[in-house]
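What follows is a set of notes on a single structure, which appears directly below.
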Amino acid sequence: MKQKEQQGKGEGSYLKLFFAQLDLLNFFAHALVFGIGLLIGITLTFFLNNFSFVNFQIQQSSLSSNAAEPPPSPPPSRPPFSPISSNISSPISATPTKNISQYFDSSPQKDNQTIPSSDSSLVNNKTSVTNFTRIGLSEFLKPPMAMHDMNDEELLWKASMVPMIHNLPFKQTPKVAFMFLTKGPVMLAPLWERFFKGNEGLYSIYVHSHPSFNETVPPSSVFHGRNIPSKEVRWGENSMIEAERRLLGNALLDFSNQRFVLLSESCIPLFNFNTIYTYLMNSTKTFVEAYDQPGEVGRGRYRPKMRPQISLSQWRKGSQWFQIDRFLALQIVSDHHYFPVFLKYCNPNCYSDEHYLPTFISIKFWKRNSNRTLTWVDWSKGGAHPSRYYRNHVTNEFLNKLRFGTSCEYNGHTTNICHLFARKFTTHALGRLLRFAPKLMQFN
Ligand SMILES: *[C@@H]1O[C@H](CO)[C@@H](O)[C@H](O)[C@H]1NC(C)=O
Ligand SMILES: *[C@@H]1O[C@H](CO)[C@@H](O)[C@H](O)[C@H]1NC(C)=O
Ligand SMILES: *[C@@H]1O[C@H](CO)[C@@H](O)[C@H](O)[C@H]1NC(C)=O
Ligand SMILES: *[C@@H]1O[C@H](CO)[C@@H](O)[C@H](O)[C@H]1NC(C)=O
Ligand SMILES: *[C@@H]1O[C@H](CO)[C@@H](O)[C@H](O)[C@H]1NC(C)=O
Ligand SMILES: *[C@@H]1O[C@H](CO)[C@@H](O)[C@H](O)[C@H]1NC(C)=O
Ligand SMILES: *[C@@H]1O[C@H](CO)[C@@H](O)[C@H](O)[C@H]1NC(C)=O
Ligand SMILES: *[C@@H]1O[C@H](CO)[C@@H](O)[C@H](O)[C@H]1NC(C)=O
């Protein structure tokens, strides 16, 4: 028994010794791996500390060209290494120097260009690598400035992008984009200022005025810095559609814009912000007026050359002043099928502004369109232009007639709120509008 125990003990100590040796071996192996790791680490740190990014690139390319040398000489006229890599750094360093400061006045801007500086500090400043505040999507989602140096083609391409994932990984407050298509200033701006007051964060404003218009808007105004790059617009011509697409394109760049309203300088609101916001956001339909009108000023403007893309039976007429959702706005800026047909054949005396959207939307997106506009106007006097309203027209009674005077369908119910905006009001009407409207419409 004792012997056996001793034997057992002896075996145990042998085993212990064996395992101890194994441990030692293991330790050395680990130490070796650690040492190599440390060496690599130190070498890398040394590289990163002492060489700039560009230097590192050059070294790398020279290294790989060295590696490519041993195989017998390639034709000497061509460099051994791909020319692409040698040219990569030039466009990167060339882009930021582009000078677009001419577009912006020197008044305080909320958006400081923080991206480039934070980027460079990530590369150059080791402390910030270990401690930087989370950016997440905030830079990506930040609404861009209204003014920029993209041309139309670049703008519409950028604006046409749509996320494939519909669930948002952030909280979004949907906004209404109010897009003013004007010649000069927004004439009734003081009324609109009152309208927007207290509703910050629920709207964005875009103004497309004549390119030569250079009057500055005071920084306190909601219209300050809201002019987009513009081109000349001629009444009744395709340049009008181009301006509408330009406005939509700019408004689409802000992801929180979910409804899009086109307004003229002579438009006024007929309800307070809250009512208009709710009406637009809750609507199951878009508001692009579209109807088929026989006779010279309807079907008479159709051009047979528009076949086969557009047939006479598809030709529609309607007011250009629309209220649409983001889906339709995306379709309009992306349309490369119907708009070129208008560009080619709808001139002169064809009036694309009254036919392009009504026709395009009635062909492709009629299901969700109400075929009516929310902008009240009076054509009853006849002629090429609707009635204008001056000082003495503005009374509570008149305004209430525009607010509740007709009936129509909204989300499957009959309502007497059919118009949220009205035109055409002149600056002469402004004084009385400012006196009556805020109280009547219960502005904030
Ligand atoms: C590098 O780019 C410049 C301008 O961007 C161009 O003129 C030059 O030909 C390019 N060089 C090569 C090797 O591609
Ligand atoms: C950019 O343009 C503005 C105005 O045109 C000018 O004052 C400024 O010096 C320019 N800056 C550079 C870096 O060219
Ligand atoms: C914008 O950044 C510049 C340079 O980083 C700084 O001098 C300036 O004060 C900043 N402006 C604002 C409004 O933050
Ligand atoms: C690096 O970051 C620290 C801390 O944010 C800052 O104090 C320092 O000025 C930065 N250095 C450079 C070269 O940007
Ligand atoms: C990290 O940055 C924050 C804010 O800039 C600062 O309060 C904090 O002290 C920093 N931490 C370290 C370890 O540098
Ligand atoms: C604005 O344009 C007019 C001509 O259209 C010109 O006479 C005037 O000097 C311009 N003003 C400014 C501040 O550029
Ligand atoms: C839409 O209508 C419902 C009631 O039908 C209301 O509760 C909701 O607040 C409305 N939405 C908006 C954005 O106003
Ligand atoms: C709008 O007009 C189209 C034809 O252009 C028609 O199919 C559709 O039913 C109309 N929608 C409404 C709501 O009237």
Side-chain angles (χ1 to χ4, degrees), residues 176 236 238 240-241 244-245 248 258-262 270-271 275-343 345-346 350-380 386 402-423:
V176 177
N238 283 306
M240 189 76 101
I241 312 296
E244 290 175 13
R245 280 157 63 99
L248 284 172
Q258 294 295 331
R259 297 291 182 274
F260 301 78
V261 177
L262 184 67
L270 289 176
F271 291 89
T275 307
I276 288 178
Y277 181 87
T278 307
Y279 197 102
L280 294 173
M281 285 299 171
N282 254 355
S283 175
T284 56
K285 293 267 170 93
T286 56
F287 301 95
V288 179
E289 191 180 41
Y291 52 89
D292 182 13
Q293 184 177 20
E296 207 164 303
V297 295
R299 288 191 173 214
R301 295 176 182 168
Y302 173 75
R303 302 285 181 263
K305 280 189 176 163
M306 292 176 169
R307 266 194 300 263
Q309 288 95 330
I310 303 164
S311 69
L312 179 60
S313 65
Q314 291 173 322
W315 187 249
R316 291 289 181 279
K317 185 178 177 177
S319 160
Q320 78 181 103
W321 311 105
F322 59 73
Q323 299 81 25
I324 60 175
D325 61 8
R326 195 172 174 91
F327 172 81
L328 206 49
L330 283 162
Q331 300 301 327
I332 293 168
V333 299
S334 317
D335 172 31
H336 276 73
H337 188 70
Y338 297 96
F339 188 47
V341 177
F342 274 78
L343 279 177
Y345 301 116
C346 191
C350 168
Y351 303 101
S352 338
D353 56 324
E354 291 188 337
H355 295 279
Y356 166 63
L357 283 182
T359 302
F360 169 54
I361 281 145
S362 296
I363 293 173
K364 297 255 304 188
F365 307 105
W366 58 271
K367 266 190 193 165
R368 285 181 54 254
N369 191 35
S370 63
N371 298 345
R372 67 185 179 95
T373 174
L374 298 176
T375 305
W376 187 93
V377 74
D378 181 14
W379 286 99
S380 65
L402 311 192
R403 279 149 62 83
F404 304 112
T406 45
S407 78
C408 53
E409 199 184 286
Y410 175 77
N411 287 358
H413 303 286
T414 302
T415 176
N416 64 349
I417 298 182
C418 303
H419 298 106
L420 303 182
F421 310 98
R423 58 196 289 267

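Quick note: residue numbers are just sequence positions, from 1. Both ligands and their constituent atoms are indexed starting at 1 by order of listing.
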Counting heavy atoms only, which of Val288, Asn369, Asn371 is nearest atom 1 (C) of ligand 8? Asn371

How close does the nearest protein non-hydrogen atom get to atom 7 (O) of ligand 8, and which residue and atom is it?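 Answer, as residue, atom name and distance: Trp366 CE3, 3.5 Å.
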
All heavy atoms of Asp292 vs all of Arg299, minimum pair found to be OD2-NH2, 2.7 Å

Tell me whether Arg316 reaches ligand 8 (any heavy atom closer than 4.0 angstrom to a ligand atom). yes

Do NZ/NE/NH1/NH2 and the carboxylate oxygens of Glu289 and Lys317 come within less than 4.0 Å? no

With Arg307 via salt bridge (Lys or Arg N to Asp or Glu O under 4.0 Å) - residues at least two apart: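 Arg307: no salt bridge (Lys or Arg N to Asp or Glu O under 4.0 Å) contacts found.
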
Would you call the rings of Tyr279 and Phe287 parallel, tilted or perpendicular if under 30° counts as parallel and over 60° as perpendicular? tilted

